[in-house]
Amino acid sequence: MTTMTVNDAISAALAEEMRNDPTVMIFGEGVATKRHDLLAEFGPARVRNTPLAEGIIAGTAAGAAATGLRPVVDLLFAPFLCYAMDEIVNSAGKLRYISGGQFKFPMVVLAMTGAGWGVGAQHNHNVESWFVHSPGLKIVMPSTPADFKGLMKSAIRDDNPVLVFADIALGYSTGEVPEDAEAIPLGKAAVRREGRDVTLVSYAKTVGTCMAAADTLATAGIDAEVIDLRSLKPLDEDAILRSVAKTGRLVVVHEASRLCGVGAEIAALVAEKAFANLRAPVLRLTGPDAPPPASFPLEQAFVPQADAVVAAVRSLVAEPATA
Amino acid sequence: MTIRPLDPVQALERMMLIRAYEETLIDLHGRGRAAGTCTSVGQEAPAVGVVSALTADDLILTNHRSAGHLLARGADPGRMLAEVMGKQDGYCGGKSGSLHISAKELGIVLTSTIVGGELALATGVGLSRTMLNQPGLNKPGIVACFFGDGAATEGRFQESLNLAAVWKLPILYVCENNQWQAFVHRKETMLADGIAGQAAALGVESAVVDGNDPLAVFDAASAAIDGIRRTGKPFLLEAMTYRLRGHFEPDDQGYVDKAELAHWRDRDPILCLRARLEREGRLTADAVAAIEARVRATMEAATAFADASPYPGLDALTTDVYA
Ligand SMILES: Cc1ncc(C[n+]2csc(CCOP(=O)(O)OP(=O)(O)O)c2C)c(N)n1
């Protein structure tokens with residue numbers, strides 16, 4: 001085991017995959033400047049800076065992916081994906097299908113998002129559900145360094161376009177990463193904590209929020225299970241349904257806005273497939289329908305906090321379960 | 001440089017096949033058998049001239065007005081018609097329809113009907129040519145990217161040329177300047193008389209050619225391709241031509257200036273080449289009749305093939321979304 005940050009885990013995954021496969025390369029604005037260790041090891045052909053033009057960066061990745069390379073592009077901050085929307089959604093996401101399966105698009109799009117840096121709504125916007133809604137794409141949003149490394153490796157090896165969103169607040173968080181970390185399959189959730197009374201489903205930084213809430217709830221005798229989705233598409237439906245079958249209660253927690261967010265999908269899934277298991281209404285704790293603000297207190301208020309998760313659970317679990 | 005000459009009689013036959021294909025589609029459309037389609041009537045010369053100058057290892061990207069490019073590359077008109085009709089034997093299994101037919105087996109890799117989409121993908125295909133062009137990995141080849149004057153008003157045009165120049169990507173950009181951008185004349189959307197002038201500012205060499213003369217296009221494309229192969233640098237070729245029919249079927253062209261249309265009808269590339277060859281004694285009336293008979297037989301067989309092809313099974317609705 002080594003202790004490393006999320007940022008280092010992403011770099012480690014990139015280096016290992018570039019070592020394994022000569023067709024893997026990375027480019028983006030400042031990529032060669034910032035990832036100088038990759039540049040030193042793999043050279044300027046495979047580690048490139050680009051002009052400031054997100055659309056052509058993503059389009060170049062799609063064209064390269066369809067004709068034999070495995071590009072990784074760093075588009076910096078999630079709101080900038082709007083400039084690359086056509087290439088990601090209309091080209092990388094659709095041209096396999098449109099062409100009747102003639103092409104595949106093994107590419108990875110990296111972007112940061114989330115509250116924590118006070119940079120405001122044009123750098124921080126959790127847009128992951130837009131892409132979940134677009135066919136042909138896979139979306140990953142891990143919460144631990146080990147998962148970032150393992151899922152990044154899978155994303156690079158996958159034959160489909162994969163978007164990897166990195167929560168800004170997690171970038172410098174540390175965690176244990178196994179030295180010989182294997183790729184973690186896309187579409188498998190992780191049970192972070194087992195419990196009997198309520199299921200907390202989350203991803204990215206709010207997994208930590210749910211873990212903190214579960215600690216508080218435990219002191220009140222409420223036993224919360226915490227599920228970290230890790231992949232938003234494919235979604236690990238089984239993990240969610242299995243847990244709800246056990247607990248009968250579900251709270252979904254994410255930072256992205258509520259309307260048509262991932263939480264809405266999970267609530268609908270449980271209503272369709274596990275209604276009989278439910279002992280209480282499904283609750284969602286999410287960001288509001290507002291652009292994320294810069295001011296620190298407002299930015300924090302945007303994100304569901306542990307005390308709100310505790311209060312939501314307490315509203316569902318009238319009587320703490322007896323052991 | 002060694003340029004294979006283009007046999008003008010063969011070029012004429014190819015152009016006549018393209019015209020006959022489009023006329024077949026127009027007829028099928030009139031009978032409700034083919035969904036709205038953008039024909040290339042009047043633009044046969046850039047297709048035949050440029051594609052004839054490519055070798056089998058070169059790759060092509062194109063747009064919504066692609067029938068000429070496909071047929072010039074040797075595509076089977078039966079499979080193209082089947083695609084337009086949404087049939088199983090179409091190049092894309094019926095999932096593309098007329099607007100974005102790709103045929104990987106012919107090196108027609110990626111076709112986008114998002115105007116400018118092909119420009120954003122071309123750099124990636126160029127990049128994969130340079131990255132894979134190593135001993136043992138792949139054959140060298142260049143990329144030809146066809147687009148319209150309207151696409152050149154999208155920002156991706158500038159982004160694409162700029163990146164191709166900076167990264168030295170082996171791309172022949174072919175602008176088919178047919179004077180129209182759907183229902184808007186190019187004079188309404190740009191002050192310059194064409195788009196080639198923009199290339200120099202980006203460090204890309206360019207040339208303008210009579211896009212109604214396939215032999216002139218062939219010579220210009222051959223010289224450009226030879227330069228690309230030698231230097232690895234991109235080149236922009238602007239072929240001045242005209243869209244003799246409407247933007248799509250049906251379109252009565254009521255908005256088109258009558259004098260302009262008459263001027264370009266007099267310059268119909270097929271009639272002009274035929275008259276020239278007859279004048280020069282290189283084509284007899286019998287030879288023309290023989291070509292017409294061959295083209296007619298080809299289109300009859302193609303139509304019969306497409307008619308006989310079944311629709312795809314409904315399970316195809318959700319296949320080839322993911323690799
Ligand atoms: C992004 C986008 N905007 C608009 C359209 C609708 N549209 C299809 S073709 C076309 C005209 C394109 O003009 P040009 O690039 O000159 O090509 P041409 O049709 O003349 O061959 C338009 C506006 C589209 N398909 N994609």
Side-chain angles (χ1 to χ4, degrees), chain A residues 22-25 27 44-46 48-71 73 83-107 134-138 158-161 186 233-234, chain B residues 59 61 83 88 90-97 99-105 108-114 116-132 134 137-138 141 143 145 154-156 158-164 166-167 169 312 316 318-323:
Chain A
T23 66
V24 178
M25 62 181 299
F27 49 93
R46 291 176 70 192
R48 298 184 183 215
N49 283 332
T50 62
L52 254 162
E54 292 72 14
I56 198 72
I57 295 171
T60 301
T67 52
L69 298 178
R70 288 188 177 271
V73 291
Y83 262 158
M85 208 69 184
D86 172 57
E87 286 73 10
I88 296 171
V89 173
N90 284 323
S91 291
K94 294 182 190 168
L95 284 177
R96 173 174 178 75
Y97 185 82
I98 286 176
S99 70
Q102 293 180 78
F103 304 98
K104 56 183 187 176
F105 293 86
M107 58 184 270
S134 299
L137 308 176
K138 296 184 178 182
D158 200 273
D159 278 341
N160 299 283
L186 307 180
K233 190 154 112 185
Chain B
L59 302 179
L61 290 94
E83 186 58 47
Q88 184 179 291
Y91 276 102
C92 308
K95 285 175 171 171
S96 162
L99 289 178
H100 12 48
I101 304 179
S102 291
K104 195 177 178 186
E105 66 204 72
I108 315 256
V109 297
L110 306 177
T111 302
S112 179
T113 189
I114 301 292
E118 68 287 14
L119 288 164
L121 294 160
T123 39
V125 181
L127 177 63
S128 73
R129 296 311 83 199
T130 61
M131 296 292 292
L132 299 172
Q134 296 164 21
L137 260 182
N138 214 319
V143 181
C145 178
E154 293 275 2
R156 291 299 186 269
Q158 182 266 336
E159 291 180 33
S160 184
L161 260 70
N162 184 52
L163 187 68
V166 170
W167 281 4
L169 303 176
T318 52
T319 57
D320 291 327
V321 181
Y322 298 93

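Protein chains get the first letters and strands the later ones, always in sequence-line order, with residue 1 at the start of each.
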What one should report as the nearest heavy-atom pair of B/Ser128 and A/Leu69 is CA-CD1, 3.5 Å
Roughly how far apart are A/Arg96 CZ and B/Lys95 NZ, rounded to 0.5 Å?
9.0 Å
Greatest number of heavy atom pairs closer than 4.5 Å to chain B - which of A/Ala61, A/Gly68, A/Gly55, A/Gly93
A/Gly55
Given 3.5 Å as the limit, does a donor-acceptor pair link the side chain of A/Glu87 with the main chain of B/Ala120, or not?
no
When rounded to the nearest 0.5 angstrom, what is the spacing between CG in B/Leu163 and OG1 in A/Thr60?
5.0 Å
So which part of B/Leu61 gets closer than 4.5 Å to some heavy atom of chain A, the side chain, the backbone, both or neither?
neither
Among A/Asp86, A/Asp158, A/Asp159, who wins on heavy-atom pairs under 4.5 Å with chain B?
A/Asp86
Sidechain-backbone polar pair: B/Arg129 side chain, A/Thr67 backbone, donor-acceptor under 3.5 Å
yes
Are any side-chain N or O atoms of A/Asn160 and backbone N or O atoms of B/Ala323, one a donor and one an acceptor, separated by less than 3.5 Å?
yes
Measure the spacing between OH of B/Tyr322 and NZ of A/Lys138 and express it to the nearest 0.5 Å.
8.0 Å
With a 4.5 Å cut-off on side-chain heavy atoms, are A/Arg48 and B/Leu127 touching?
yes
How about B/Glu159 and A/Tyr83: do any of their side-chain heavy atoms sit closer than 4.5 Å?
no
Okay, B/Val321 and chain A: the region with an atom under 4.5 Å from a heavy atom over there is both
Where do B/Trp167 and A/Thr50 come nearest, in terms of heavy atoms and distance?
CZ2-CG2, 3.7 Å
Engaged part of B/Ile114 at the chain A interface, taking heavy atoms whose separation is under 4.5 Å
side chain
Rounding to 0.5 Å, atoms NZ (A/Lys104) and CG (B/Asp320) come to a distance of 13.0 Å
Picking from B/Gly94, B/Ala103, B/Ala122, B/Gly93, which has the most non-hydrogen pairs under 4.5 angstrom with chain A?
B/Ala103
Contact origin within A/Ile57 toward chain B - heavy atom pairs under 4.5 Å
neither
To check you understand the geometry: which heavy-atom pair defines the closest contact between A/Phe103 and B/Ser102, and what is its length?
CE1-CB, 3.6 Å
Any side-chain heavy-atom pair of B/Thr113 and A/Ile98 under 4.5 Å
no
So what's closer than 4.5 Å to chain A heavy atoms on B/Ala316: side chain, backbone, both or neither?
backbone
To check you understand the geometry: which heavy-atom pair defines the closest contact between A/Leu95 and B/Thr111, and what is its length?
CD2-O, 3.6 Å
Residues A/Gln102 and B/Cys92: closest non-hydrogen pair is NE2-SG, 3.6 Å
